[in-house]
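Data first, discussion second: the structure below is written as structure tokens.
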Amino acid sequence: MTLSVCLIIKNEAEVLERCLTCVKKFADEIVVVDTGSDDNSVEIAKKFTDKVHFFKWCDDFSAARNFAFDKASSDLLMWLDADDVIDDDNCHKIEKLKNNFDGFDMAMLPYAAAFDGEVPTFIYNRERIFRRDKGYRFNGEVHEAVNLFGKIFYSDALICHKKVKENSPLRNLNILQKKISAGKELDARQKFYFGRELYYNKMYRQAIAVLEDFLKDDGWYVNRIEACIDLFYAYLSAGDKKSALNSLLFSFTIAPPNSRICCILGEYFLEKGDLLYSEYWYNTALKAENDSKDGSFINLDYCKFVPYMQLCVIYDRLGDTAKAFECNDEAGKIKPQNENYLNNLKYFEKLGFKR
């Protein structure tokens, strides 16, 4: 099977060569679509491919990505962002996947979007590689996605999203507001992201209204859980702690609590001084199931490191120094160079505890 890797770009000169250097290791064709660069992004792209095309920007990421797919000619289509990076081991995995793709229509690959040094801490699966003859298309002006159908394969080939600059915080919000102003209705996914963009831009009351409305309808349960978390923080920022807690608890009607929700509850009760409630939720975080295959956003720190570090604090306050030391030791096994862990270690050494 042959593979076309498709990118849409605008002013990505800082990162584009880094990305395409990885891509050329496994791609049979590279398609780059420029949406209006005024730096030397196009010149960099042309060093790697003669398939450079231009797309007039229309506030629609899906339209641009679908245009890139339309320009590709290989059996398989893959999308990337210009600030994505793939190491040699994972490039080899993609090459192997490409050569053994018969029998699958779509491949989901893990996407790392946050890091502690070089170690990924925030990972979720994204629909990444598709059979061209199945007609897969992106949907949604922002936070574009491809609907899942056909036979799906889950690969462990990791792609790392390594930003060097932040996008305008109002970019996505403005696109969605223009759509609403034009009289177009947001579907459930877009409504969720509209509420989230309002929250990110500290428009808390507006975010609350949109997210509460989103939760009234049936949407993808992963987005519904994330909406509960966003509502928790939006209500807190608006000074309504009771509604914040109720929003988080409502997520239990959607799915069992994941580690992140347990840690948020642990922090909530720790700040209130309810140590036993906090202890319960952090211990529950250690046992919670976190399955990234359903598309959930998994922050690995919440699975083990954060609960152990916070339980160390709680047990110390409860007077159980030995148990506090054990929890700090468990956290150190995960992040032995973490500053907070090392400071705790010095504290315990003064009390006579050593690893």
Note to self: Do Asp116 and Thr121 pair up side chain to side chain, a donor and an acceptor below 3.5 Å, judged on atom types alone?
What the structure shows: no
Checklist line | Carboxylate-amine/guanidinium proximity below 4.0 Å for Arg18 and Glu12 | finding: no
Item checked: Any donor-acceptor N or O pair under 3.5 Å, side chains Asn283, Trp281 -> no
Margin query: With a 4.0 Å cut-off on N to O distance, would you call Asp75 and Arg132 a salt bridge?
Written below: no
Notebook entry, point to check: Between Asn299 (side chain) and Arg260 (backbone), is there a donor-acceptor pair under 3.5 Å?
Noted result: no
Check: Which residues pass the side-chain contact (heavy atoms from CB on, under 4.5 Å) test with Lys98, sequence neighbours left out?
Finding: Leu3, Asp28, Leu76, Glu95
Notebook entry, point to check: Ion pair present between Arg131 and Asp133, side-chain N to carboxylate O less than 4.0 angstrom?
Noted result: yes
Notebook entry, point to check: Between Glu29 and Lys51, is there a side-chain N and carboxylate O pair less than 4.0 Å apart?
Noted result: yes
Next item on the list: Using only heavy-atom distances, determine whether the side chains of Asp87 and Asn90 contain a donor-acceptor pair under 3.5 Å.
Entry: yes
Check: Phe153 and Phe101: ring-ring contact (aromatic ring centres under 6.0 Å, His included), yes or no, with the steps?
Finding: CA-CA 9 Å; Phe153 176 75; Phe101 208 85; 7.7 Å; no
Margin query: Among residues at least two apart in sequence or on other chains, which ones pass side-chain contact (heavy atoms from CB on, under 4.5 Å) with Lys10?
Written below: Thr35, Ser37
Item checked: Residues Asp230, Arg196: salt bridge by 4.0 Å N-O rule -> yes
Next item on the list: May I ask you to say whether Lys46 pairs ionically with Glu43, meaning some side-chain N is under 4.0 Å from a carboxylate O?
Entry: no
Next item on the list: May I ask you to say whether Asp217 pairs ionically with Arg224, meaning some side-chain N is under 4.0 Å from a carboxylate O?
Entry: no
Next item on the list: Check whether any side-chain N or O of Thr253 sits under 3.5 Å from a backbone N or O of Phe250 as a donor-acceptor pair, and report yes or no.
Entry: yes
Checklist line | Output field: ring centroids Tyr282/Tyr308 closer than 6.0 Å | finding: no
Under 3.5 Å, side-chain donor or acceptor atoms of residues 204-216 against the rest of the protein: list the pairs with distances, not counting sequence neighbours.
from   : atom 1 : to     : atom 2 : distance (Å)
Glu212 : OE2    : Tyr235 : OH     : 2.8
Asp213 : OD2    : Lys191 : NZ     : 2.9

